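Working notes for the structure below.
Note that the coordinates shown come from a computational prediction; the quantities given were computed from them, not determined experimentally.
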Amino acid sequence: MTPSMRNWQVWLPHPLFSLFLALLWLLMINDFSMAHALLGLVLGVAIPLVTHAFWPEEARIRRPLPLLRYLLVLLMDILRSNLVVAMRILRPARHLTPGFFTYPLALEDDFAITILASTISLTPGTVSIHYDAEANTLLVHALHLEDEAEAIAGIRERYEQPLEEIFR
């Protein structure tokens, strides 16, 4: 590694995470302006820089193309889930059946599990509540849970399997 590359990594220890944080900021603020973009970039650089000492290991993304697909699926699911949750809440007869379910993890990489738990919480209508390391499960709350097996299969197919491919 060249000295200039080491200097670059000191100021930007996790470049993909920095980019993710900046984009997440813009999505959360829901208003694009130069000031918000600049603030997103500052947060994207500052947060990994300040927390770098607490990261146990470097996450290795083995396959970047599936990561792009994963992000697109996640973005579409967030948009679709927002609409579904809004429709369920705004209907006069709210036939909601909230519930908890235990999601059995196939992932073993801590970073990938964190990304999965965050993904579940980012999609409106579901929240990842607790990670049980011994059982390797996530406790998830769903605003509307009709079929637990279907919810588990959906998470596995849309999020966990792609994450296995990305971090494998």
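Note on M28: it clusters hydrophobically with F20, by side-chain heavy-atom contacts below 4.5 Å among ILVMFWY residues. Hydrophobic cluster membership differs between V42 and W25, with clusters built from Ile, Leu, Val, Met, Phe, Trp and Tyr side chains linked at under 4.5 angstrom. Placement of L79 and V85 in two distinct hydrophobic clusters is found when ILVMFWY residues are connected by side-chain heavy-atom separations under 4.5 Å, directly or transitively. One hydrophobic cluster, built from ILVMFWY side chains closer than 4.5 Å, holds both Y103 and L122. Note: the hydrophobic cluster containing I152 also contains L74 (ILVMFWY, side chain heavy atoms under 4.5 Å, direct or indirect links).
How far CG of D109 is from CG of L116: 11.5 Å, rounded to the nearest 0.5 Å. Distance check, rounded to the nearest 0.5 Å: CG of L19 to CG of L24 gives 11.0 Å. Interatomic distance, CD1 of I89 versus CG of L96, reported as 5.5 Å (0.5 Å rounding). Taken from OG in S33 to CG in L26, the straight-line distance is 8.5 Å, to the nearest 0.5 Å. To the nearest 0.5 angstrom, L27 atom CG is 11.0 Å from I29 atom CD1. Between atom NE2 of residue H144 and atom OG1 of residue T97 there is a gap of 4.0 Å, rounded to the nearest 0.5 Å.
Put simply, the side chain of Y159 does not reach to within 4.5 Å of the side chain of I115, judged on heavy atoms. I120 has its side chain within reach of I155: a pair of non-hydrogen atoms, C-beta onward, lies under 4.5 Å apart. V140 is not listed as a side-chain neighbour of I129, based on a closest heavy-atom distance of 4.5 Å or more. D132 is listed as a side-chain neighbour of H130, based on a closest heavy-atom distance under 4.5 Å. Annotation: side chain of L105 is in contact with side chain of Y131 (closest heavy-atom distance under 4.5 Å). The closest side-chain heavy-atom distance from S18 to P48 is below 4.5 Å. Within the 4.5 Å cutoff, the side chain of T123 has heavy atoms near those of the I78 side chain. Between T126 and H141 the shortest side-chain heavy-atom distance does not fall below 4.5 Å.
Shortest non-hydrogen contact noted between L145 and A151 is CD1-CB, 3.9 Å. Nearest heavy-atom pair, S128 versus S121, reported as atom, atom and distance to 0.1 Å: N-OG, 3.0 Å. Of all the heavy atoms in P162 and R156, the pair that sits closest is CD-O, 4.3 Å.
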- Item | Stepwise side-chain contact (heavy atoms from CB on, under 4.5 Å) check, L21 with L43 | CA-CA 7 Å; L21 287 174; L43 290 172; 5.8 Å; no
- Check against side-chain contact (heavy atoms from CB on, under 4.5 Å), D77 and R80: CA-CA 5 Å; D77 285 354; R80 184 185 48 140; 3.1 Å; yes
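Between the side chains of T119 and Y70, at least one donor N or O lies within less than 3.5 Å of an accepting N or O.
Considering only residues two or more places apart in sequence or on other chains, R69 meets the salt bridge (charged side-chain N to carboxylate O under 4.0 Å, His left out) condition with none of them. With sequence neighbours left out, the ring-ring contact (aromatic ring centres under 6.0 Å, His included) criterion links F17 to W55. For E134, there are no side-chain hydrogen bond (donor to acceptor under 3.5 Å, both in side chains) partners, not counting sequence neighbours.
With hydrogens and angles disregarded, no donor-acceptor distance shorter than 3.5 Å links the side chain of E165 to the backbone of P66.
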